[in-house]
Amino acid sequence: MVQKPSIPKGTRDFSPVEMARRNYIFNTIKEVFMLYGFQPIETPSMENLSTLMGKYGEEGDKLLFKILNSGDFISKVPDVLLEEKNSAKITTKISEKGLRYDLTVPFARYVVQHRNDIIFPFKRYQIQPVWRADRPQKGRYREFYQCDVDIIGSNSLLNEVELAQIIGDVFQRLKIKSVVKINNRKILAGIAEVIGEAGRITDITVAIDKLEKIGQDKVNLELAEKGIPAEAIKKLQPILHLAGTTSEKLRQLEGILAGSETGLKGVGELNTLFSYFETLQLPVEAELDLTLARGLNYYTGAIIEVKAKDVEIGSICGGGRYDDLTGIFGLPDVSGVGISFGAERIYDVLSQLELFPSESLEATKILFVNFGKDEELYSLGILSEVRQKGINAEIYPEPAKMKKQMNYANRKQIPYVVLAGESEIQQQKMTLKNMETGNQQLVTSSELIKILSE
RNA sequence: GUGGUUGUAGCUCAGUUGGUUAGAGCACUGGAUUGUGGUUCCAGGGGUCGUGGGUUCAAAUCCCAUCUACCACCCCA
């Protein structure tokens, strides 16, 4: 019995139309990356679990896809463990590889491993799929592409500025109206310090990250549930409701965070950043957003997130600065900053706003109808000529009925069809049909190429 | 990982209180039209009713489990 084929949960096939659109996104992003001097690298789909585990928090470890060891792996597991039925413990015995969860951690591993060959500051980009064992939803998959750009080995804020410019360029080219939200981990740390809960930064940031979504009251409730004292929560309130322009907000923060050295440093960093933006006139809106927390625990400085203005969707790009990502792999004090474009979400935004350019760019431009053996030979010669001029062309591979061949051209949206039968061959010409208008004309091969090159 | 909704032809969906051979539109194949597609007309192929159990004389229909997609949490691109 034949079984119905299917693909694993949360994965997708990409058909030609989707590929053309995805390539449009990837190519646009790549072009901009290269414009700023970034170079591509690729890393393997799988990494050793030891490099992946513990980098994304407890949740992250659960969401890692693990790969079973080869061979008779189960016989090597001690009976005691099998009887205990503890998945976590057995996992370490039967799996030592996992699929990558993001591109940043493998990049850190790469940097440490190749530190002697890399020219620092190292500017690299990387466009590859990542895998998460998350429960799929709309716009959330178990396999999806990330487009990462990172600069590693430089503390300069100029790097943050360049990333903001890249964001501006990319979304301007894609015609997506967007706003860049910026925050700084040091400010968040400062806030926690000032309200007397320095040790609880993670709980506090995770809660205030939801401010926009669930509202102030629920945020306060969540903070209280996490065990933050009422007094600290009270102190937090005015900070969450700073008003005015970015520079006004920063000035107010300076006062609030006067007691925190880290906090003030963060304010200083944002001041420089925003003054750069002002003089450079970014092609994109940038604003300070104190509620921007981002879960990843390795960020230490700037936190960046981009939202599309005309579509209700999560962030389409995000990132930040990490001061010591490579430290865990034995290379301390190397600071980096990077962002990641979410290809799938950008895809969704572009389709919802119908901003994809006409897809025919990569498709066949002309089809030669196949009339039989002799005519085929005649067409084949012209076909090579056309291809040599860089025009995408094809010949129908069998002398099928006209209707079938025309229908093929029609369905593939091929704009031109060449008909070369007995009478055309005698004149050393061919009939060129415009599929859109239906017009036909008798042309020579050089006339044909001229028309197609227009 | 927790809770909810869902599933009938390649796609979008009908299918009565459980009752003969499960239907339609689009798509596909062939013909009307032997060198002319996108319009029209005619004919045809295509179904383990998501999967596995159960209740019943009888299940697409009722019950349970499971898988998928979607939604809300959690988290995130």
Side-chain angles (χ1 to χ4, degrees), chain A residues 1-13 15 25 29 56-64 87-88 100-104 127-148 202 205-207 209-210 213-214 218 222 292-297 304-308 313-319 339-349 367-372 375 396 399-425 430-440 442:
Chain A
M1 200 209 276
V2 283
Q3 56 167 354
K4 233 179 203 170
S6 64
I7 54 175
K9 186 199 277 220
T11 63
R12 295 152 299 159
D13 288 325
S15 297
I25 296 172
I29 290 174
Y56 311 103
E58 222 175 288
E59 278 297 317
D61 283 355
K62 281 189 210 155
L63 297 178
L64 282 172
S87 305
R100 72 166 99 78
Y101 179 91
D102 70 1
L103 299 177
T104 310
I127 299 177
Q128 288 189 278
V130 303
W131 293 268
R132 296 182 188 179
D134 208 354
R135 181 175 286 213
Q137 270 179 50
K138 198 173 199 92
R140 281 175 84 162
Y141 305 94
R142 289 185 144 184
E143 177 184 61
F144 61 96
Y145 276 73
Q146 288 192 329
C147 314
D148 273 35
T202 313
T205 52
V206 166
D209 188 32
K210 296 176 191 161
K213 204 171 168 188
I214 63 175
K218 283 187 180 163
E222 187 169 325
L292 179 61
R294 291 189 65 81
L296 294 170
N297 20 30
I304 304 162
E305 192 166 289
V306 184
K307 292 214 160 177
I313 200 165
S315 66
I316 50 179
C317 177
I339 50 171
S340 178
F341 289 81
E344 335 294 326
R345 288 200 177 160
I346 293 174
Y347 186 99
D348 287 345
V349 171
L367 173 80
F368 286 73
V369 169
N370 192 325
F371 283 113
E375 294 90 338
Y396 200 84
K401 282 186 181 143
M402 254 302 229
K403 181 181 167 128
K404 199 168 180 181
Q405 301 193 40
M406 293 301 281
N407 201 239
Y408 175 83
N410 196 46
R411 298 222 304 144
K412 273 188 88 172
Q413 295 189 43
I414 299 172
Y416 291 100
V417 164
V418 161
L419 305 163
E422 221 175 310
S423 61
E424 283 95 344
I425 295 174
M430 68 213 78
T431 301
L432 175 68
K433 182 181 173 101
N434 181 323
M435 290 296 277
E436 209 179 320
T437 61
N439 291 341
Q440 295 187 185
L442 198 63

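We use all heavy atoms of the structure for the numbers below, so side chains are in, but hydrogens, waters and symmetry mates are not. We name chains A, B, ... by the order of the sequence lines, and we start the count at 1 in each one.
The two atoms that bring A:A400 and A:Q405 nearest to each other are O-NE2, 2.7 Å, heavy atoms only.
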Stepwise side chain to side chain contact (heavy atoms under 4.5 Å, CB included) test for A:M435 and A:M406:
CA-CA 9 Å; A:M435 290 296 277; A:M406 293 301 281; 3.8 Å; yes
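For A:F144 and A:K62, each mapped to the nucleotide of RNA chain B holding its nearest heavy atom, the one lying further toward the 5' end belongs to A:K62. Judged by closest nucleotide on RNA chain B, A:P136 is the one of A:P136 and A:R345 placed further toward the 5' end.
Listed nucleotides: B:rA77, B:rA69, B:rC75. Nearest to the side chain of A:R132: B:rA77.
In this structure, CD of A:E59 is placed 11 Å from C1' of B:rC73, rounded to the nearest angstrom. Here B:rC67 presents its C1' atom at 14 Å from CD1 of A:I7, a figure rounded to the nearest Å. Atoms CD (A:Q137) and P (B:rU68) sit 15 Å apart, rounded to a whole Å. Note: CG (A:D134) to P (B:rC71) measures 13 Å, nearest angstrom. To the nearest angstrom, P of B:rA77 lies 11 Å from CG of A:L292. The CD1 atom of A:I339 sits 13 Å away from the P atom of B:rA77 (whole-angstrom rounding). The distance from atom CZ of A:R135 to atom C1' of B:rU5 is 12 Å, rounded to the nearest whole Å. Taking atom NZ on A:K218 and atom P on B:rA72, their separation rounds to 14 Å, with Å as the unit.
Here A:G10 lies in heavy-atom contact (under 4.0 Å) with sugar-phosphate atoms only. A:K210 comes within 4.0 angstrom of the backbone, heavy atoms only, and of no base.
Checked options A:T104, A:I127, A:L103; the residue passing with A:Q146 is A:L103 (criterion: side-chain contact (heavy atoms from CB on, under 4.5 Å)).
Counting only heavy atoms from C-beta outward, the side chains of A:W131 and A:R100 approach each other to under 4.5 Å.
In RNA chain B, consecutive stretches of 3 or more Watson-Crick or G-U wobble pairs with both distances under 3.5 Å are given as paired ranges: B:1-5 with B:69-73, B:10-13 with B:23-26, B:28-32 with B:40-44, B:50-54 with B:62-66.
To the nearest 0.5 Å, atom CG of residue A:L292 and atom CG of residue A:D209 are 7.0 Å apart.
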Per-nt protein contacts along nucleotides 32-40 of chain B (heavy atom under 4.0 Å; B base, S backbone sugar-phosphate only, - none) come out as B--BBBB--
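In this structure, A:Y408 and A:Y396 have perpendicular ring planes: the angle between them is above 60°, well past the 30° mark.
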